[in-house]
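Structure, as structure tokens:
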Amino acid sequence: MSRVSRRQLLRGGLTVLAATALTGHTASAAVGPGGVSAGPVGADGTWRNGASVDLLSRVINVADLGAVGDGRVDDTAAFELAYSLAAARVFRGVGRTVIEIPAGEYLITRPNALMNGVAPLRSANGLRFSGAGKRMTTLVFRPDEGPGSYLCRNEDIWSNVSFERMQFRSATPGASFFSSYSTGQAQDYRFSECEWMGEWEYGVALDGTDTNSEMQWDACRVGGSYRRAFLYSGVTGRKQDPNDQDQFLNYWFTDMKVEYEWGNFLEFPYGGSIACRGGSYIITGTRPQSTEEYGTSSTFFRFPVALHHDSVQRFHAQDIRFEVRNPDVRVIDCLWKSGTVHFSDCDDTGVAFKDFAPEVRPHRYTVGPRGPLIRYDSCQLAGRHEYRTTGQEEPLPAVARYDMCLLRSHEASEFVVVQGTVGRDFVSFVNCLEPGDPPAPVAPDGPLAPDGPATADGPAPADQAATPAPDPSPPAAAAAGR
């Protein structure tokens, strides 16, 4: 069978837009830029627009489709073609294509070029984008306009989508990475060893009335800056009743390096089950200007809606080191009126030596009779924590507990700031260390009580002299001298 050179397809001005079907059994149609459909495979084994069928191999390498990857040549057409070919291979609802992106810097200038999941393509399960490594494979997104432009789009089409070993960089301030709309299909995304840089409006923006869940980030780096948030769950672009959107569930972030300039990391107006485990979280700067919604603050975890319809509200952070580098940094700002918030083995005292640190309030909650239930276990905490009880007149039940925590800046009696008319009895402290707690003296073989050597019945009497420890032998003394 004769073949048409892949590079000639692009350099000769031929752009493959899409395909309606490969065979009579194909359950999907692929579309490319502008939604124009190409014809099916002809009897001679080639696409009717001239592209060879062997382009539909299980692995599609964008370099074979004409992508240069030098950071200067516009590689948009090659990525649009790669996606169209992958969509055309969907068979009985299952996609079986890996799109490979070799090491290089690829310039993309049109929205939705990396992924354009829209009708008439039917529901599809399985699509994978694979690079050579973070900062080895870089996709530079430079659309003409920033806000409203997305590198990827999924309109209730794809589930089980993965991105691995690549960097995404916004070269147009205010552009966004991923728009996902769902009424039940768009879900199950995986990001592994990926990095985001540049100024974005959204990283991943979720919309719809059902699902948009089961999403995981492993060993990724979130850099750059965000006008809204890296992950925003609950965009209302289609003007649904907000209560119809409370179906955003199950998000996992593992071993992350979250180090960006300003903006929010996670913002969940419509509930969700979120787990963040391991890594370092740092906001390095401040917002360039105050906004009506955010002011000048940047927040790692922002949950700004109090009540939700039939939606889980659960947040868990474990083994994370936070840096609160300025008074405008928030670790969490939560308005939930129910659900659970749990910090375990976390530390935000990295810059507690700064002059402003004792008076910062990086953890903020609004609480009511149903919570949320808030717990800190074995955490090291700087500054103060703020609780808002606005409109609450009756005493609250115990909803917040600090267990075996180190309070770096204030004693427990001063650690909590309550905004409202009720007292602070809803907060309890169990076995916490306060700034004034002195360390216990330590002897070579373990701790000793301050009043003398311990006996089986307690400390020895004050007038009982302790037996002096023998002098070290000459070899031991010599070793100690070394």
Side-chain angles (χ1 to χ4, degrees), residues 146-147 150 168 170 173-180 191 194-207 212 215 217 220-237 242 245 248 251-253 256-276 279-306 308 313-317 320-336 341 343 346 348 360-366 372 386:
Y150 292 84
F168 307 99
S170 169
S176 297
F177 170 63
F178 201 127
S179 172
S180 180
F191 301 90
C194 291
E195 180 179 45
W196 289 263
M197 298 297 293
E199 181 179 331
W200 306 88
E201 182 174 22
Y202 298 102
V204 179
L206 306 180
D207 194 356
N212 256 321
M215 301 185 186
W217 286 258
C220 292
R221 181 177 187 269
V222 175
S225 55
Y226 300 88
R227 296 183 180 182
R228 300 299 299 270
F230 173 74
L231 173 59
Y232 191 100
S233 174
V235 177
T236 56
Q245 292 197 300
F248 298 96
Y251 304 86
W252 302 278
F253 295 85
M256 299 286 291
K257 184 175 183 180
V258 178
E259 186 175 347
Y260 62 96
E261 295 178 40
W262 50 268
N264 299 333
F265 176 48
L266 307 182
E267 185 162 354
F268 276 69
Y270 296 100
S273 177
I274 308 112
C276 301
S280 180
Y281 286 53
I282 305 170
I283 298 174
T284 61
T286 59
R287 287 186 181 270
Q289 59 185 17
S290 178
T291 68
E292 182 178 356
E293 184 171 5
Y294 302 121
T296 58
S297 65
S298 295
T299 306
F300 290 117
F301 313 119
R302 185 172 188 262
F303 310 131
V305 177
H308 299 93
Q313 296 168 106
R314 173 190 171 274
F315 173 76
H316 180 74
I320 298 175
R321 178 183 180 273
F322 300 98
E323 284 194 14
V324 181
R325 291 192 175 184
N326 64 73
D328 287 327
V329 170
R330 309 274 185 266
V331 173
I332 185 170
D333 193 347
C334 178
L335 274 66
W336 289 348
V341 175
F343 285 83
C346 293
D348 66 11
V360 297
R361 301 179 185 180
H363 299 243
R364 301 187 176 199
Y365 299 94
T366 294
E386 179 179 310

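Considering only residues two or more places apart in sequence or on other chains, R364 meets the side chain to side chain contact (heavy atoms under 4.5 Å, CB included) condition with R330, D333, R361, E386, R388. For Y202, the ring pair (Phe, Tyr, Trp, His ring centres under 6.0 Å) partners at least two apart in sequence or on another chain are Y232. E293 is linked by a side chain to side chain contact (heavy atoms under 4.5 Å, CB included) to R228, E267, R302, counting only residues two or more places apart in sequence or in another chain. Residues satisfying the side chain to side chain contact (heavy atoms under 4.5 Å, CB included) test with S170, not counting sequence neighbours, are A175, W200. When the ring pair (Phe, Tyr, Trp, His ring centres under 6.0 Å) test is applied to F300, the partners found at least two apart in sequence or on another chain are Y281, F322. Here T296 pairs with D328 under the side chain to side chain donor-acceptor pair (under 3.5 Å) rule; sequence neighbours left out. A search for salt bridge (Lys or Arg N to Asp or Glu O under 4.0 Å) contacts involving E323 returns R321, R325, not counting sequence neighbours. In this view, T291 and Y294 satisfy the side chain to side chain contact (heavy atoms under 4.5 Å, CB included) rule, not counting sequence neighbours. Residues satisfying the side chain to side chain donor-acceptor pair (under 3.5 Å) criterion with T286, sequence neighbours excluded, are absent altogether. The salt bridge (Lys or Arg N to Asp or Glu O under 4.0 Å) test applied to R221 returns E195, not counting sequence neighbours. Listed by chain and residue number, Y226 satisfy the ring pair (Phe, Tyr, Trp, His ring centres under 6.0 Å) test with Y260 (two or more places apart in sequence, or in another chain). Partners of S180 by side chain to side chain donor-acceptor pair (under 3.5 Å), not counting sequence neighbours, listed by chain and number: Y189, N212.
Using a 4.5 Å heavy-atom threshold, the side chains of I274 and F301 count as separate.
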